[in-house]
Number of protein chains: 2
Amino acid sequence: MELRQLKYFLKAKELLNFTEAASALYISQSTLSQQIKQLEDELQVPLFNRIGKRITLTEAGDLFSVYAQQSVNKASDGFELLKDLNNLETGKVAIGVTYALRHVVTKALIVFSSEFPKIQFEIVFGTSQELIHKLNHFELDVILTFEEIASEAHFKYRELFTSPMALVTSTETSFTNKNSISLSEVSSLPLALPSSGFSTTQFINKAFKNDNLNPKVTIEINDIPTLLELIKTGKWHTILTKTTIENEKDLHAIPISGKNMTRTAMLISLKEAYEKKAVTTFLKMLMTVN
Amino acid sequence: MELRQLKYFLKAKELLNFTEAASALYISQSTLSQQIKQLEDELQVPLFNRIGKRITLTEAGDLFSVYAQQSVNKASDGFELLKDLNNLETGKVAIGVTYALRHVVTKALIVFSSEFPKIQFEIVFGTSQELIHKLNHFELDVILTFEEIASEAHFKYRELFTSPMALVTSTETSFTNKNSISLSEVSSLPLALPSSGFSTTQFINKAFKNDNLNPKVTIEINDIPTLLELIKTGKWHTILTKTTIENEKDLHAIPISGKNMTRTAMLISLKEAYEKKAVTTFLKMLMTVN
DNA sequence: TTTCTAAATCGGTTTTATCGATTGATTTTA
DNA sequence: TAAAATCAATCGATAAAACCGATTTAGAAA
């Protein structure tokens, strides 16, 4: 049993397709096939069912994969730890961000990069769901999103700040002088909202439903910059957290009145994983900057 | 980085001598030297200091070893788990026992072996300290001893039963009719005790000191069967938990009066390690039999 | 039936883990 | 202080095994 074989196995488990897994691992299909077989021989139990030309995990494979993953993780955690000793001279930080919080990241990124220019960053935008999936698959070190309804035990949560839900309008509309606006007022306006995969949309739809309101949603769109373009025309309005349009010219945010009309920005990471020094430092910076 | 290399590294760390480590691993010294070097190259940091012909761990090596060990452990835990699926047909159980509790183990062992004859056992007798050291080095699955003063967070503790401290005498002495005996009475008798490494002795010495008693200890000995031989002559008495001499002919145990004159038998195992099914089953048996 | 697709297998090549022998450096012993 | 012993590093050679491309086998799809 070698880490190489465990990694091969985990990739095959993930894709449930030897040909694709082999290609993702940059090895030939025959090599993968042989290495899996060798692992199975050593463990004396099949890890995959070969039903025709399709493969599925066996119960043994399923149980074993947990330990295989942990073994691989521990080794790579140790590796990361040693990189850290090199005093933030090397290393890569992968951060997932929901679009609403991009300014939070960029602000911290600018400060951090000037102090530690050698650290590489990978910034992944996506919906909370997508990001959490990637976090669970060890593709991200940390994600930055608004609070989730369901909190999970293997996550570590850190609060960042709270931001009100707001009606976002062009600076040329008539409400720009208002300090706040009620949900029912909002529901009578022509709305363009992020599509239903976005947690902000889920959040606001729940609020509408609670108050028995039927908002006039004429557009759903899954790209925020495009959405903002539309809002700037003045023909539609949208609902976002106030932070989302920080630094956006030509747009104005009016907080929506009512309790529970705020959202809390959160850092979510894996509880058991080793947190690289570069990540720790970056997050500390992120929390002081914001 | 491969598990093979991590295992080599851990053995070298343990023995701090490449030649001996290589021999313990059944590989040549040159192979070990090369593999360690290769690992160091990959990690970009030396794991050992080479001071002359002597080696010591570097800070990096020390930090890394924790993760290396965990990686190796997780892989072997996964392996054990799969063996378990084979329905207790294979596997080895390593149990550490303090001498006082040997009857507890043998009783369960007899029942277990007749039901699962293919499971191998390794029974290690030793002092609590020795056994705990072995448990920490993954040489034992579980140990059976009396409660320790200091409980550690990475151990899992399960209580078995409570047994009184007792004066042990030959059946031919004059006290055999007594139901209990006080500590001061005991202190006036000629005593032969287990040597000070034994937790029972530490326990009873503390009790003597508390009561300002000066017992007449004429013999200290680190082998219980020999001690019992001496007691059978009738010339000395000793102090042990009552269970220790269960099944011993020609010996009689009189509980010592006073509160706190009992000890609790415990099962101690590592909290984070995977517990093999064979171990779980054996322990369950052990707890019902006693 | 034929075609297509994916895993398994086969034979050959490259890589690498391993060994024994030797070297170089340091500690121990005489 | 010189000689002997010890231990890690290095070298060259060999055996093991990881890997590849081509082919086979066997379901699935057309």
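None of these values were measured; they are calculated from a predicted model. A note on names: the letters A, B, ... follow the listed sequences, proteins ahead of strands, and every chain is numbered from 1.
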**Message:** Classify A:F48 by what it touches in the nucleic acid, base, sugar-phosphate, or nothing, heavy-atom distance under 4.0 Å.
**Reply:** nothing
**Request:** Assign the ring pair A:F112 / A:F121 to parallel, tilted or perpendicular, where the plane angle (0 to 90°) is split at 30° and 60°.
**Result:** perpendicular
**Prompt:** Is any side-chain N or O of A:N17 closer than 4.0 Å to OP1 or OP2 of C:dA7?
**Reply:** yes
**Spacing between A:E2 atom CD and C:dT15 atom C1', to the nearest angstrom** = 15 Å
**Request:** Classify the side chain of A:Q34 and the base of D:dA18 as holding, or not holding, a donor-acceptor pair under 3.5 Å.
**Result:** no
**Message:** Does a side-chain N or O of B:Q35 approach OP1 or OP2 of C:dT16 to a distance below 4.0 Å, or not?
**Reply:** no
**Prompt:** Would you say a side-chain N or O of A:R4 is under 4.0 Å from OP1 or OP2 of D:dA18?
**Reply:** yes
**Message:** Looking at A:K11 and A:E14, is there a salt bridge between them, counting it only when a charged N and a carboxylate O are closer than 4.0 Å?
**Reply:** yes
**Request:** Please report, rounded to the nearest Å, how far the P atom of D:dA17 is from the CD atom of A:Q5.
**Result:** 11 Å
**Message:** Heavy-atom count check: over 12 atoms from other residues, nucleotides or ligands less than 6.0 Å from B:R158 CZ?
**Reply:** yes
**Prompt:** Within the pair A:Q38 and D:dA17, is there a side-chain N or O less than 4.0 Å away from OP1 or OP2?
**Reply:** no
**Request:** Please determine if a side-chain N or O atom of A:Y26 lies less than 4.0 Å away from the OP1 or OP2 oxygen of D:dA18.
**Result:** no
**Request:** May I have the distance from A:I27 (atom CD1) to C:dT14 (atom P), rounded to whole angstrom?
**Result:** 19 Å
**Request:** Check the distance between C:dA6's P and A:F18's CZ and give it to me in whole angstrom.
**Result:** 13 Å
**Message:** If I take atom CG in residue B:L15 and atom P in nucleotide D:dA8, what distance separates them, rounded to the nearest angstrom?
**Reply:** 11 Å
**Asked** Within the structure, does a side-chain N or O atom of A:R50 lie under 4.0 Å from either OP1 or OP2 of C:dA8?
**Response** yes
**Asked** Should A:E40 and A:R50 count as an ion pair when the cut-off is N to O under 4.0 Å?
**Response** yes
**Euclidean distance, atom CZ of residue B:F9 to atom P of D:dA8 [Å, nearest integer]** = 15 Å
**Asked** Is any side-chain N or O of A:S30 closer than 4.0 Å to OP1 or OP2 of D:dC19?
**Response** no
**Message:** Taking 4.0 Å as the cut-off, does a side-chain nitrogen or oxygen of B:S28 come that near to OP1 or OP2 on C:dT18?
**Reply:** no
**Prompt:** What is the ring orientation for A:F9 with A:F64, classed by angle as parallel under 30°, tilted 30 to 60°, or perpendicular over 60°?
**Reply:** tilted
**Message:** Rounded to whole Å, please give me the gap between CD1 in A:I36 and C1' in C:dA7.
**Reply:** 12 Å
**Request:** Ignoring backbone atoms, establish whether A:T31 has a side-chain N or O less than 4.0 Å from OP1 or OP2 of D:dA18.
**Result:** no
**Asked** Tell me: CG of B:L3 to P of D:dA18, nearest whole Å?
**Response** 13 Å
